Amino acid sequence: MKYLRHRSLFLFGGALVAFAASLWSDPDHGFATMLGGLSLVQGVWAVAAAFWAHKAIFDYPSADKRNLLIKSAEGSTGAGLALVALALVFCGLLMVFAPRAQAAADPSWLPAGFIKYGPTLKAEQMHYWPDHPDAVLLAGLVEQESCITLKSRGCWNPAAKLKTSREEGAGMGQITRAYRANGALRFDSLSGLRNQYRSELAGWSWDNVYERPELQLRAIVLMSRDAARSFRAAPAMLAFGDAGYNGGVSGVQKERRACAMSAGCDAGRWFGHVENHCLKSRRVLYGNRNACDINREHVRYAVLIRPEKYREQWEMI
């Protein structure tokens, strides 16, 4: 049978062996394998699209490549030239479709701010958190904090400002100060960060907060690092750390204890376990979302969804 040709057995058998090996060695229990598979699908889609477009263009018998191969093998120069022409057309079609399939790998598709400040973020990470298990998550965190969309003005923009009469959020990390109704300062996260990281953030103030992108990114790295290290013994250290970065480390520890006291809940895992035991307020804050909704969404997007678009470029920085 034509489906049992050696090439078919090699392709499908080899693919199955590669998939099984990847799944067996996957430290993320299938997630990394899934992402790798998605990247391969992009290439397969481009080849398939070019192939079917090629067949649609050359749908007449005289362009049948099998007949042309036979004739060229018999010494027909014309058949050989026809095959070369068909190959050139196929390559042209592949060049049309491949950029669309690989758009995510094109740096111009990424936020302009990442192209400018991504190297700064990586430099800060390498200096202050060199043993980060998956450092590209920091890029996902910046996007989560600053990007309404990838093209929005505040996305990866150190000059991003969210200001109301009672609150001001500054820069890529949305460093915040808030005021009471009478105008008195209620809290100042920049002041707190300076007190916590005196040498690392020396010279940073509200007078220059928007002009110091390197300190904005350094603060993100330091806060993310220390939140994650609070859970260094847990398999889901980075997910717990992001939940703590967004909503407080002590709150995550309480939720882990609540998980541990629930049947079937693994307090060392976030997704599907601790994330289902939110103890935060259910009062609606904005956008019909409460503190639980916001915190859980933050972890899912900052850890699972947003970072992957940056991974290839991050490795090239």
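Just so we're clear, the structure is a prediction, and the values are computed from it rather than from any experiment. Every heavy atom of this structure was used, including side-chain atoms; hydrogens, water molecules and symmetry mates were not.
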Co-membership, hydrophobic cluster, residues Leu121 and Ile115, 4.5 Å side-chain
yes
Determine, step by step, whether Leu304 and Phe271 satisfy the side-chain contact (heavy atoms from CB on, under 4.5 Å) criterion, reporting the C-alpha distance in whole Å, the side-chain angles of both residues, the deciding distance to 0.1 Å, and the verdict.
CA-CA 10 Å; Leu304 293 184; Phe271 296 107; 3.6 Å; yes
Considering only heavy atoms from C-beta outward, does the side chain of Pro158 approach that of Arg212 to under 4.5 Å?
no
So, Glu200 and Arg198, do they make that salt bridge, N to O below 4.0 Å?
no
On a heavy-atom basis, which atom in Gly268 and which in Ala234 lie closest, and how many Å separate them?
O-CB, 4.2 Å
Value rounded to 0.5 Å, distance of CD in Glu275 from CZ in Arg296:
7.0 Å
Above 12 or not: heavy atoms from other molecules or residues under 6.0 Å from CG of Asn288?
no
Does CZ belonging to Arg289 count more than 12 external heavy atoms closer than 6.0 Å?
yes
Side chains of Tyr301 and Glu143 in contact at under 4.5 Å (non-hydrogen atoms)
no
CZ (Arg225) and OG (Ser230) are apart, to the nearest 0.5 Å, by 10.5 Å
Got a second to check how far Leu201's CG is from Leu222's CG, nearest 0.5 Å?
6.0 Å
After noting the C-alpha distance and the side-chain angles of Phe114 and Ile317, does the key distance pass the side-chain contact (heavy atoms from CB on, under 4.5 Å) rule?
CA-CA 11 Å; Phe114 170 74; Ile317 294 175; 4.0 Å; yes
Backbone of Trp204 reached by a side-chain donor or acceptor of Arg194 within 3.5 Å
yes
Give the minimum heavy-atom separation between Arg306 and Gly140, together with the two atoms involved.
CD-O, 3.7 Å
Minimal heavy-atom distance between Gly169 and Thr176, with the atoms involved, is CA-OG1, 4.2 Å
CG of Leu137 to CG of Leu141, rounded to nearest 0.5 Å, is 8.5 Å
Tell me which pairs pass disulfide (SG to SG under 2.5 Å) where either residue lies in residues 118-172, with sequence neighbours left out.
Cys147-Cys155
Are more than 12 heavy atoms from other residues, nucleotides or ligands located less than 6.0 Å from atom CG of Leu185?
yes
Ring of Phe240, cation from Arg256 - is the NZ or CZ under 6.0 Å from the centre and inside 45° of the axis?
yes
Closest contact, heavy atoms only, Gly241 versus Ala227
O-CB, 3.4 Å
Would the distance check show the side chain of His273 and the main-chain N or O of Asp266 forming a donor-acceptor pair, the cut-off being under 3.5 Å?
yes
Cluster overlap Trp206 with Tyr197, hydrophobic side-chain contacts below 4.5 Å:
yes
Heavy-atom side-chain contact between Val303 and Trp270 under 4.5 Å
no
Please output the side-chain donor-acceptor pairs of residues 126-133 that fall under 3.5 Å, not counting sequence neighbours, one pair per line with the distance.
| from | atom 1 | to | atom 2 | distance (Å) |
| --- | --- | --- | --- | --- |
| His132 | ND1 | Asp134 | N | 2.9 |
| His132 | ND1 | Asp134 | O | 3.4 |
| His132 | ND1 | Ala135 | N | 3.3 |

Would you say the side-chain atoms of Asn208 pair up with the backbone N or O of Gly203, donor to acceptor, closer than 3.5 Å?
yes
For residues Glu255 and Lys280, determine if any side-chain heavy atom of one lies less than 4.5 Å from a side-chain heavy atom of the other.
yes
Side-chain donor-acceptor pair present, Tyr179, Asp188, cut-off under 3.5 Å
no
Are any of the side-chain heavy atoms of Leu150 and Lys309 separated by less than 4.5 Å?
yes
Looking at Ser262 and Cys265, would you say the former's side chain and the latter's main chain have a donor-acceptor pair under 3.5 Å?
no
Closer than 4.0 angstrom, basic N to acidic O: yes or no for Glu297 and Arg300?
no
Could you please spell out the steps behind the side-chain contact (heavy atoms from CB on, under 4.5 Å) verdict for Leu138 and Ser224?
CA-CA 8 Å; Leu138 293 168; Ser224 183; 3.8 Å; yes
Hydrophobic clustering (ILVMFWY, side-chain heavy atoms < 4.5 Å, transitive) - are Leu238 and Ile305 grouped together?
yes
side-chain contact (heavy atoms from CB on, under 4.5 Å), that's the test. Do Leu162 and Glu168 meet it? Break it down for me.
CA-CA 6 Å; Leu162 179 63; Glu168 179 179 0; over 6 Å; no
Answer whether the closest heavy-atom distance between the side chains of Ser191 and Arg177 falls below 4.5 Å.
no
If you take all heavy atoms of Ala228 and Met237, which pair is closest and at what distance?
O-CG, 3.0 Å
With no hydrogens and no angle check, is any side-chain donor or acceptor of Lys122 less than 3.5 Å from a backbone partner on Trp314?
yes
Less than 4.5 Å apart, side chain to side chain, heavy atoms only: is that true for Asn246 and Val299?
no
Out of Gln216, His298, Gln174, which residue meets the side-chain hydrogen bond (donor to acceptor under 3.5 Å, both in side chains) rule with Glu145?
His298
Check whether any side-chain heavy atom of Leu217 sits under 4.5 Å from a side-chain heavy atom of Met172, and report yes or no.
yes
Residue pair Ser146 / Ser152: nearest heavy atoms and the distance that separates them
O-OG, 4.5 Å
Keeping Asp293 on the side-chain end and Asn290 on the backbone end, is there a donor-acceptor pair under 3.5 Å?
yes
Could you walk me through whether Trp156 and Tyr117 pass the ring pair (Phe, Tyr, Trp, His ring centres under 6.0 Å) check?
CA-CA 8 Å; Trp156 281 86; Tyr117 297 111; 7.8 Å; no
Counting distance only, does the side-chain N/O of Asn295 pair as donor-acceptor with the main-chain N or O of Ala291 below 3.5 Å?
no
